Amino acid sequence: MTARAQTPQDGTTGGSVAVGVAAFGAARLLRGLLAIAAVPVVAVDRGDLVSANLIVLLAIVSLLSVALGVVSPDTQRRELAVAQLVLDIVLALAVSSLADAQAMPLVWLALLVPAMTAGEHFGIGTAVATWTAVSFGFAGLSFGFGPNDYSNSDVLRLVLQQVVASVAIVGSVVYVARRNWTAFQQVAADRQVATERLQHLLAIGDTAMRLAEADESETVSRETVSAALQNGFARAELWKRDTDEWKLLGSGGGLPISDDLVRRLLDRPQVPRLAQRETVDSLDGVQSRSLFAAGYTSVVVLSVVPPGTDELRLIGYGQVEDRGQQQLDSLELIGGHVATAWKKSERIKELDDWSRRLAHEATHDQLTGLPNRAGLFECFQRTPATSNHMILFFDLNGFKEINDAYGHDAGDALLRGIAERLQEALAPAGHYVARLGGDEFVVCASLDSATPEHLCETLIIAVEHPVVFDSQLLSVGTSIGVALSSEDSTNQELLRLADKAMYRAKARKETGSAWALATDSPDLHPTARRGGLFGV
């Protein structure tokens, strides 16, 4: 389980931090008061003039350091802090030694200033040591170098006051320091948890943005695996159910585990949008050994897309440092974005397929599957006519008679059969064949791959071959017009010339099939009929 920082209910953290801030402010305030108090103390004592001037100078320097610390606290480097501490110790001892022995509370405040300075810059240990050193220094100055007119009761009273003051002040300082230290530790822990949680949420947010931009299922799979690895899993796998089979869409990270354990994880029922976690202890012996052998201690399974037409499951494998509940929460957050991205990518795929299907239907003949008139003119735009280009325009001779005799179903069957043979005969050579409508067809070809004579012969063979319909052999002939390109020809012009040449070929009824070249010469090229239902 994830260790979560608990916010104190009694305001301990906020109160302790406020105490710490107040303590630092009090240290500066007392330091300033000590420096100010040094002047009247020296004036009342009227002792050695050199000592008095030195104390006044120290007081002025102390006031300046206090002002510098208030105006620019960032300037308090370690060297300046040591100098400040020494200055406060000397000034406190000087003031306390000159003060009246009866004014012990004021002496305590003077002696407390160095201790608070030490605590502000160097910590509680240095503060306690400073207080002890200063207090015993004050005692030494009072009894060793001061006038020896103290009575035994005065000495005892001073010693007791010193002991009580030491215990009270040191105890208070230690209590406040411990309270502040605990509060600071709690704040640091809370900040660490908050930082990790923020980084975790930012990572998931970044994943969500990338998933939102993904338009293909492959991209969604890749981003899903990457997101799981970034959120603490040692290995991640995304699986999709197709009918009764599971297909691995993407994986990454460490070693895969045995197929047996994977099948168990995939085949058990899943509650939609709920992650389930297994550990080595919760699996049987063989499965736990398989998991442990691959270097994992836990595995989390999430139904990203609930069971239905397509079901997605995300599997994350954790190691020793896995974070339990946080990993479950992470996987569920990621799963929500993955589900949305996956549905969007599937919808985009459906729309693309639908768009391609509509585009295909718009440019292809539904009966024969060949390109229609729109498809032909689209091809003209893609491939302009060249000097070695030719267009063949042909229709079927006798097609109307078959429709009248056997019905439109027979005519449709004949058209489909001829279209299939045209594709088989022309497509391997790279020729383009289209149906303009009714029984009219167009072929675009290159003179590099065939001559007009050879191509017309191929077309006649493909058209005249009988088609079986309802136990009947249906056969027709064809009239072909051929137009050869020149340097300034266009496809539309060649199509018009081929159309005219086709009518010239149709005018000859000597044979069942014929072709004509679009030239000024009316020469026709009849081809012997190879049999058919109608003779012409």
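Note that the structure is a prediction, hence the values are computed from the model and not measured.
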(request) Identify the two heavy atoms, one from S251 and one from V225, that lie closest to each other, and give their separation to 0.1 Å. (result) C-CG1, 3.7 Å
(request) State, to 0.1 Å, how close L474 and F469 come at their nearest heavy-atom pair, and which atoms those are. (result) CD1-CB, 3.7 Å
(message) Is the shortest side-chain heavy-atom distance between D439 and T478 below 4.5 Å?
(response) no
Only distances under 3.5 Å count here; give the side-chain donor-acceptor pairs of residues 350-359 to other protein atoms, sequence neighbours excluded, each with its distance to 0.1 Å.
unit_1	atom_1	unit_2	atom_2	d
E350	OE1	R347	NH1	3.3
D353	OD1	R356	NH2	2.4

(request) Would you check if I402 and L396 make a side-chain contact, meaning some heavy-atom pair closer than 4.5 Å? (result) no
(message) Do C456 and L392 make a side-chain contact, defined as non-hydrogen atoms from C-beta onward lying under 4.5 Å apart?
(response) yes
(message) Which residues pass the side-chain hydrogen bond (donor to acceptor under 3.5 Å, both in side chains) test with S217, not counting sequence neighbours?
(response) none
(message) I'd like to know if the side chain of D470 and the backbone of Q472 have a donor-acceptor N/O pair within less than 3.5 Å.
(response) no
(request) List the atom of W246, the atom of L266, and the distance in Å for their closest heavy-atom pair. (result) CZ2-O, 3.4 Å
(request) Mark yes or no for whether T368, through its side chain, and A419, through its backbone, hold a donor-acceptor pair below 3.5 Å. (result) no
(message) Test of understanding: with side-chain hydrogen bond (donor to acceptor under 3.5 Å, both in side chains), list the residues that count as partners of E223, not counting sequence neighbours.
(response) R210
(request) Find out whether R235 and P256 are in side-chain contact, i.e. whether some heavy atom of one side chain is under 4.5 Å from a heavy atom of the other. (result) yes
(request) Would you check if R313 and S303 make a side-chain contact, meaning some heavy-atom pair closer than 4.5 Å? (result) yes
(request) Would you confirm whether T297, through its side chain, and Q319, through its main-chain N or O, come within 3.5 Å as a donor-acceptor pair? (result) yes
(request) Can you see which heavy atom on L249 is nearest to which on S221, and at what distance? (result) CB-OG, 3.6 Å
(request) Would you check if E237 and Y317 make a side-chain contact, meaning some heavy-atom pair closer than 4.5 Å? (result) yes
(request) Would you give the length of the straight line joining atom NE2 of H364 to atom CG of L370, rounded to the nearest 0.5 angstrom? (result) 8.0 Å
(message) I'd like to check L455 versus L426 (side-chain heavy atoms, cut-off strictly below 4.5 Å). Are they in contact?
(response) yes
(message) List the residues meeting salt bridge (Lys or Arg N to Asp or Glu O under 4.0 Å) with K400, not counting sequence neighbours, and say none if there are none.
(response) D404
(message) Tell me whether S290 contacts the main-chain N or O of S258 through its side chain, where contact means a donor paired with an acceptor under 3.5 Å.
(response) yes
(request) Heavy atoms only: give me the nearest S298-L291 pair and the separation to one decimal. (result) N-CD2, 4.0 Å
(message) Can you pull out every side chain to side chain donor-acceptor pair (under 3.5 Å) where at least one residue sits in residues 421-438? Sequence neighbours excluded, please.
(response) D365-R435
(request) Look only at the side chain of T383 and the backbone of F380, and say whether a donor-acceptor pair between them is shorter than 3.5 Å. (result) no
(request) Identify, with sequence neighbours excluded, every residue that meets side-chain hydrogen bond (donor to acceptor under 3.5 Å, both in side chains) alongside D448. (result) N388
(message) Salt bridge check, E378 against R382: does any charged N sit closer than 4.0 Å to a carboxylate O?
(response) yes
